[in-house]
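When reading the values below, keep in mind they use all heavy atoms of this one structure, side chains included, and skip hydrogens, waters and symmetry mates. Treat the numbers as computed from the prediction; the structure is a model and nothing was measured. Below, chains carry the letters A, B, ... as their sequence lines are ordered, and counting in each starts from 1.
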Amino acid sequence: MIHEALEIFVILKNKLLEVTRADLLKEGIDKPTYDSLISKGLIEEDGLKLSLTKKGEDFLISHREGYLHDRLIDKGNSLPEVGASEHWRRCHRIDADTLAEFYQRLRNMPYHIEDLLPLADLPEGKTGEIILMVGGRGMTRRLCEMGLTPGAKVRMVKKAPVGGPIILEVRSTEIAIGRGLASKMLVKPES
Amino acid sequence: MAPAIGESGPQLVLSLVGNPEVGKSTLFNSITGLNYWTGKTFETKEGILSYKGRRFKVIDLPGVYSLSSYSYEELITRNFILSGESDAIINVVDASSLERNLYLTIQLLEMGAPVIVALNFVEVAQRKGIKIDSDELSRSLGVPVVEINAITGRGIDDLIERFASSLPSKSKRIAYGKEVESAICELRDEIIGRRIALPPKYEPEWVAIKLLEGDEEIAKKIDGLPLMEEKVVSLRSEIERIHGESASTVISSERYFASNKSVLRSTSPIKVPVSRAQRLDELLTHRIFGYLFLVLIMGVMFTAIFAFGGYLSALIDGGFEIASQMVAAALEMIDPLLSALIVNGLLFGIGAALSIALPYIATFYMAISILEDSGYLPRAAYLLDSLMHKIGLHGKAFIPMILGYGCSVPACIGCRLMETRKERLILGSLVVLIPCSARTVIILGVAGQYLGILAALAIYALDIVIVLGIGRILFKSIPGESVGLIMEIPKLRRISPKIVLKRTWFNTKDFVSFCLPLIVVGSIIIELARFLGLIEGALYAMSPVTVGILGLPVAAGIAMIFGLLRKELALIMLATYVGTTDFSLIMTPLQMAVFTIVMVLYVPCIATIGVLMREYGNKNAAYIIALDLAIALAVGALARLALIAVGF
């Protein structure tokens with residue numbers, strides 16, 4: 001899968017800073033997939049070093065935002081015609097600057113997008129790390145102040161029934177958060 | 001060096017700063033005794049601490065999680081600290097939630113404030129399995145740390161001795177990560193180098209941090225900002241480029257990182273068994289038992305309030321009746337107008353305020369204080385969040401609503417809990433529609449007595465439907481944003497009867513001092529109107545509505561006029577006016593049902609109107625009252641038609 005290969009590339013790039021063909025093959029990407037990455041102009045070879053092209057970046061972003069939209073944040077609704085970014089700007093009241101920051105984070109995020117869960121879906125008793133938040137500046141600021149900064153470890157203590165709020169433990173304090181807010185935060189569950 | 005304090009020196013000012021629910025007010029009450037008053041803003045309290053012949057002015061600032069400028073409370077607290085009026089700042093810290101609490105401490109250090117940390121709830125932390133080395137904490141923060149127990153009073157003398165012997169000196173900031181730190185220094189040098197004029201007492205480094213965070217309040221206060229605009233933007237985007245986050249998020253994270261480092265240095269885990277509190281907590285927030293407990297706790301609370309309150313109220317009312325008769329007999333001979341004004345105006349007003357405040361309000365405050373101190377209220381809010389979302393609010397709105405069943409005045413004040421203006425306005429409009437204890441007297445005294453308890457319960461149910469319906473409509477029609485629920489769930493704590501009683505006393509005193517003048521003046525005005533024969537006129541002026549639309553007897557207007565002062569007395573006034581306490585003689589069952597509904601909804605009492613004006617401004621208060629009146633008339637008229645249609 002092309003997007004899977006791109007995800008692996010970004011994660012490696014974050015870890016190793018410089019990635020070569022051999023590194024990618026070692027990570028289980030087969031030769032035909034690698035060749036199509038090159039032939040489609042998603043990845044450039046510069047000597048041994050590989051880098052993501054503009055096209056590759058766009059491809060990765062559209063995969064990630066599509067996944068986010070379909071599976072996570074707006075679960076169940078198909079991608080609107082205006083595109084995910086415009087949709088988020090309207091529905092989640094996100095201003096252009098915040099949205100740009102969000103996309104930058106999405107681009108650089110060193111995890112498989114498939115490994116992330118909305119916080120609301122983290123099972124009771126499980127812990128996870130906060131990776132991304134989709135929301136306006138006010139909301140982000142408020143959550144940060146309560147200790148829910150990116151990178152913070154959280155533990156799901158309890159979920160109220162029928163879409164009620166959740167109780168989290170973060171920085172050894174318990175806080176309750178509405179299910180709506182908790183669906184807009186993405187965590188990487190700890191195995 | 002810290003300055004020495006002379007015996008005869010000027011009065012020193014201490015202020016208490018901390019997160020909500022860390023025992024700040026408990027500490028305040030315990031060091032100032034009963035010697036306190038409300039400060040310049042309604043959110044602060046001021047008091048006097050006398051210690052070894054010296055007097056300190058103590059200021060209790062509103063509880064905040066941060067010192068940004070996002071909420072009114074944060075701004076009040078921040079501006080007060082910046083004003084430099086405070087000679088020492090006591091930062092009350094909840095040891096059981098140290099990392100989150102130190103986030104605020106670290107912001108105080110950023111400001112260079114003269115801080116002493118008062119570490120409260122050390123025992124709670126221990127039960128949670130955390131042992132804190134306060135000397136180590138003091139070293140890592142660079143400020144004195146004193147362990148206290150605000151409830152038992154342990155350590156409070158040490159704390160007082162600490163700042164009484166020498167005032168804390170200016171604190172130093174904890175260094176952040178390399179990139180952030182270099183940006184702060186660069187901007188600080190820019191501020192100093194360009195000789196940018198800062199308001200007095202503002203530290204250049206702190207201003208630099210705030211500018212990087214994008215704090216608009218600070219930006220407004222700095223005239224030379226355009227000179228640095230470019231620098232600020234470039235430093236900010238540099239941070240954002242490196243971290244891939246907004247600069248304000250990065251700085252928040254840095255503070256938490258610093259806080260976490262201090263926590264790691266100063267705490268060690270200890271093994272503890274699963275505590276009883278934890279098991280109880282499990283039950284109280286359980287998806288099924290949680291709701292059963294909620295109903296049970298509320299049931300017990302209201303039964304207790306009305307049983308005990310009713311008993312006390314009758315006792316006090318009886319006393320005032322005898323006193324009035326005696327005063328009336330004495331004054332009658334001098335001047336009938338004076339007698340009427342004093343007896344029916346002044347005495348009636350005081351009697352009204354006391355016989356409702358002491359029994360119902362005090363009992364109610366006590367019950368709420370127990371629920372609050374034990375940490376139950378946030379759990380109830382958690383359970384009811386989904387329901388409140390239906391009307392555009394969130395779980396925290398449940399707290400003012402419950403207060404509303406006791407008295408609308410604290411309920412309106414309680415609306416401050418909500419974060420946005422929209423939420424406060426919706427909630428303020430709703431809590432006054434909830435039958436307070438005085439209106440409960442009407443429901444029970446008319447509908448309950450003559451139509452049966454089922455009718456009374458039906459009126460309660462109707463009221464809840466109306467509140468939810470109006471809430472939904474307001475949510476759709478008032479512009480603005482509502483934030484979801486973000487609320488701390490404190491550990492369950494054992495309550496201290498002493499603290500509960502003290503808190504009840506403070507709140508009741510506040511209530512009486514706010515409401516008493518309003519009720520007394522109102523009573524005197526109505527008595528004057530009655531003496532001048534204006535009441536009859538008012539009744540006839542009201543009759544197109546009372547008789548025409550609602551189909552009530554003309555005399556029902558009496559209850560509505562007096563209901564402005566004190567709802568449960570409306571019935572007594574009505575009885576006096578018609579000369580009988582048997583309402584079945586003057587009203588048909590249909591009229592009683594309509595009368596009760598209208599009395600529950602129509603207009604809040606004068607004390608509530610006063611507090612609405614204070615909390616929301618005159619214009620919004622007028623909207624809320626007009627809304628109530630419209631709802632009362634519409635619902636009353638519709639209920640009448642509906643009841644006639646079903647053959648009542």
Residue [X] versus chain A: region with a heavy atom under 4.5 Å:
| X | result |
| --- | --- |
| B:Y291 | side chain |
| B:S96 | backbone |
| B:E254 | neither |
| B:S253 | both |

If you measure from [atom1] on [X] to [atom2] on [Y], what distance do you get to the nearest 0.5 Å?
| X | Y | atom1 | atom2 | answer |
| --- | --- | --- | --- | --- |
| B:S66 | A:R141 | OG | CZ | 8.0 Å |
| A:R105 | B:T249 | CZ | OG1 | 8.5 Å |
| B:Y382 | A:I177 | OH | CD1 | 12.0 Å |

*Residue by residue, which of residues 102-110 of chain B have a heavy atom closer than 4.5 Å to a heavy atom belonging to chain A?*
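The residues closer than 4.5 Å to chain A, in numerical order, are B:Y103.
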*Find out whether A:S172 and B:K128 are in side-chain contact, i.e. whether some heavy atom of one side chain is under 4.5 Å from a heavy atom of the other.*
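Of all side-chain heavy-atom pairs linking B:K128 with A:S172, at least one is under 4.5 Å.
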*Decide yes or no for A:K158 and B:R287: does some side-chain heavy atom of the first lie under 4.5 Å from some side-chain heavy atom of the second?*
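No, too far: nothing below the 4.5 Å cut-off.
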*asked:* Looking at chain A, which one of B:E282, B:K491, B:H286, B:H243 has the largest number of heavy-atom pairs inside 4.5 Å, strictly under?
replied: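 Top count of heavy-atom pairs under 4.5 Å with chain A: B:E282.
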*Most heavy-atom pairs under 4.5 angstrom with chain A, which of B:E213, B:E240, B:R379, B:E245?*
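The option with the most such pairs is B:E245.
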Proximal to chain B - members of [range], heavy-atom separation under 4.5 Å:
| range | answer |
| --- | --- |
| residues 29-48 of chain A | none |
| residues 145-155 of chain A | A:E145, A:M146, A:G147, A:T149, A:P150 |
| residues 4-11 of chain A | none |

*How far apart are the closest heavy atoms of B:L485 and A:L181, and which atoms are they?*
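What the structure gives for the nearest pair is O-CD1, 3.6 Å.
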*asked:* Tell me the closest heavy-atom pair linking B:Y256 and A:C144, and the distance in Å.
replied: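 Answer, listing the atom of B:Y256 first, then A:C144: CE1-O, 3.1 Å.
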_Take a 6.0 Å sphere around CD of A:E57 and say whether it holds more than 12 heavy atoms from other residues, nucleotides or ligands._
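It does: A:E57 CD has more than 12 such atoms within range.
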*More than 12 non-hydrogen atoms from neighbouring residues, nucleotides or ligands closer than 6.0 Å to NZ on A:K126, yes or no?*
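No, not enclosed.
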*Heavy-atom pairs under 4.5 Å with chain B are the metric here; pick the option from A:I167, A:L168, A:V170 that has the most.*
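With the most close heavy-atom pairs to chain B, the winner is A:I167.
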*Output the option from A:G164, A:A182, A:A160 having the highest count of non-hydrogen pairs under 4.5 Å with chain B.*
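Among A:G164, A:A182, A:A160, the one with the most close pairs to chain B is A:A160.
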